[in-house]
Amino acid sequence: MRTRAAVLRDMHQPFEIVELELDEPKAGEVLIRYVAAGLCHSDEHLRHGDIVPQFPIVGGHEGAGVIEKVGPGVTRLQPGDHVICSFLPVCGHCRWCSTGKSNLCDMGASILIGNLPDGTYRFHDDDGNDYGGMCMLGTFSERAVISENSAVKVDPDLPLDKVVLIGCGVPTGWGAAVHAAETEAGDTIVIYGIGGIGINSVQGAALAGARNVVAVDPLPNKREAAEQLGATHSCETAEEAQELVQQLTRGVGADKAIITVGVVDSKVVSDSVNVIRKGGTAVIIGLADPTKPNIELNSAMLTLFEKTVKGSLFGSGDPFHDIPKMVELYQSGDLKLDELITQTYTLDQVNQGYEDLVAGKNIRGVIRYDTPPLEGAPA
């Protein structure tokens, strides 16, 4: 079948809307009709060269939709199921999955190549060239064939254009506060960068019982959003946050710091380590060019004060456990999703969506599709 998709052909180029050929699902795979796709900063990293995938690649790794066909051997999903996609597949039996670290599943090794677990591709152009899908998903396409290990079934009455955020930004930010930082009741938490990830670190810290949640962002709209969704304080600069935290904690320092800025640099890492107390933890979520060193710290500060700096992927959680949990928190009203969506776009407006993201206009942008179901497929 044919599908329209937004493709990146190289660094520093805009997304190109093309029509691709899409294969039928093979063993362990499903055909999904996407209803919505989130505009996450990670795809912008591909365009700017902070992360270099295998080009050409169909963009998008935050998606939700309806299963239309299943391949041989698929028993957990069936046509008509509504699913949220996990940007990290989970095999369930590798070393990492079997020891409770499924966010590090070995299947994730090829997410920047975009091939499916058998090493082949389902997107092709008219010349027979293969196209991978970002994170093995390619959610910037009307349809895709994905691994069943990337799809989490959810209730059919959920608004897919809202819960789509639970595929990446929500569990990554929420889990950074709850799992990686291990926020406890009464903690003081500082969060650097209030975008689609940082705003959910705010929600996670607040839900976990933090006494002070300090959001740091230069943009007034981001600080305002943070205060509406759980931040007790907000600051324009790291220097302001440092001074405020000293006042709030009587000179002790923050318990935890979470770095969710768009591009991590040495200053924000130093700021986060300086703001935490003895024995405190700084968690890095944001990304940067993996070929260049971007952290410079005084080791004595780590040794003498036993401070910890750690990374976190997918919020250090389990996609097949955390995604349903996030859905339940949304259904109970404890987790806000509708309020995170600043603007919606069509697939043809994907480049405008990323211009708005880079300009700081959006907390989260979402592409909504109006693709009709296949003939005979469940709606």
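Position 1 is the first residue of the sequence; numbering continues from there.
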**Item:** Check: E296/S266 side-chain N/O donor and acceptor closer than 3.5 Å
**Value:** no

**Request:** Determine yes or no for a side-chain-to-main-chain donor-acceptor pair under 3.5 angstrom, with T260 supplying the side chain and Y192 the backbone.
**Result:** yes

**Asked** Any luck finding a side-chain donor-acceptor pair between S150 and S86 under 3.5 Å?
**Response** no

**Prompt:** Regarding H82 and D155, is there a side-chain donor-to-acceptor distance under 3.5 Å anywhere?
**Reply:** no

**Asked** Salt-bridged, E21 to R2, with N to O below 4.0 Å?
**Response** yes

**Electrostatic pair D318-K325, nearest N-O below 4.0 angstrom** = no

**Prompt:** Does a donor on one side chain sit under 3.5 Å from an acceptor on the other, for H179 and D322?
**Reply:** yes

**Asked** Taking atom types as modelled, is there a side-chain donor on N351 or E355 under 3.5 Å from an acceptor on the other?
**Response** no

**Message:** For the backbone of P218 and the side chain of R223, can you confirm whether one donor and one acceptor N or O come within less than 3.5 Å of each other?
**Reply:** yes

**Message:** Taking V264's backbone N and O only, do any of them form a donor-acceptor pair with N294's side chain (distance below 3.5 Å, no angle check)?
**Reply:** yes

**Asked** Just by distance, do the side chain of K256 and the backbone of E182 share a donor-acceptor pair under 3.5 Å?
**Response** yes

**Message:** Pairing donors with acceptors under 3.5 angstrom, does anything connect the side chains of Y121 and D23?
**Reply:** no

**Prompt:** Do the side chain of T183 and the main chain of V178 share a donor and acceptor less than 3.5 angstrom apart?
**Reply:** no

**Prompt:** Within the distance-only criterion (no hydrogens, no angle test), does the side chain of S312 pair as donor or acceptor with the backbone N or O of S316 below 3.5 angstrom?
**Reply:** yes

**Prompt:** Just checking, is any N or O donor in the side chain of H124 or N129 under 3.5 Å from an acceptor N or O on the other one?
**Reply:** no

**Asked** Would you call E44 and R47 a salt bridge, taking side-chain N to carboxylate O under 4.0 Å as the test?
**Response** yes

**Request:** Mark yes or no for whether E62, through its side chain, and G169, through its backbone, hold a donor-acceptor pair below 3.5 Å.
**Result:** yes

**Asked** Just checking, any donor-acceptor pair under 3.5 angstrom between side chains of D10 and Q13?
**Response** no

**Item:** The single option from I258, I194, T172 passing side chain to side chain contact (heavy atoms under 4.5 Å, CB included) against S201
**Value:** I258

**Prompt:** Should D187 and R211 count as an ion pair when the cut-off is N to O under 4.0 Å?
**Reply:** no

**Prompt:** Judged by atom type as modelled, is there a donor-acceptor pair below 3.5 Å linking the side chain of K310 to the main-chain atoms of I284?
**Reply:** no

**Test: D81 and R76 ion pair at under 4.0 Å** = no

**Prompt:** Side chain of R122, backbone of Y131: donor and acceptor closer than 3.5 Å?
**Reply:** no

**Item:** With H48, the side chain to side chain contact (heavy atoms under 4.5 Å, CB included) member among I51, L46, D50
**Value:** D50

**Test item: N103 side-chain N/O and L313 main-chain N/O as donor-acceptor pair under 3.5 Å** = yes

**Message:** Between D334 and S332, is there a side-chain donor-acceptor contact under 3.5 Å, judged purely by atom types and distance?
**Reply:** yes

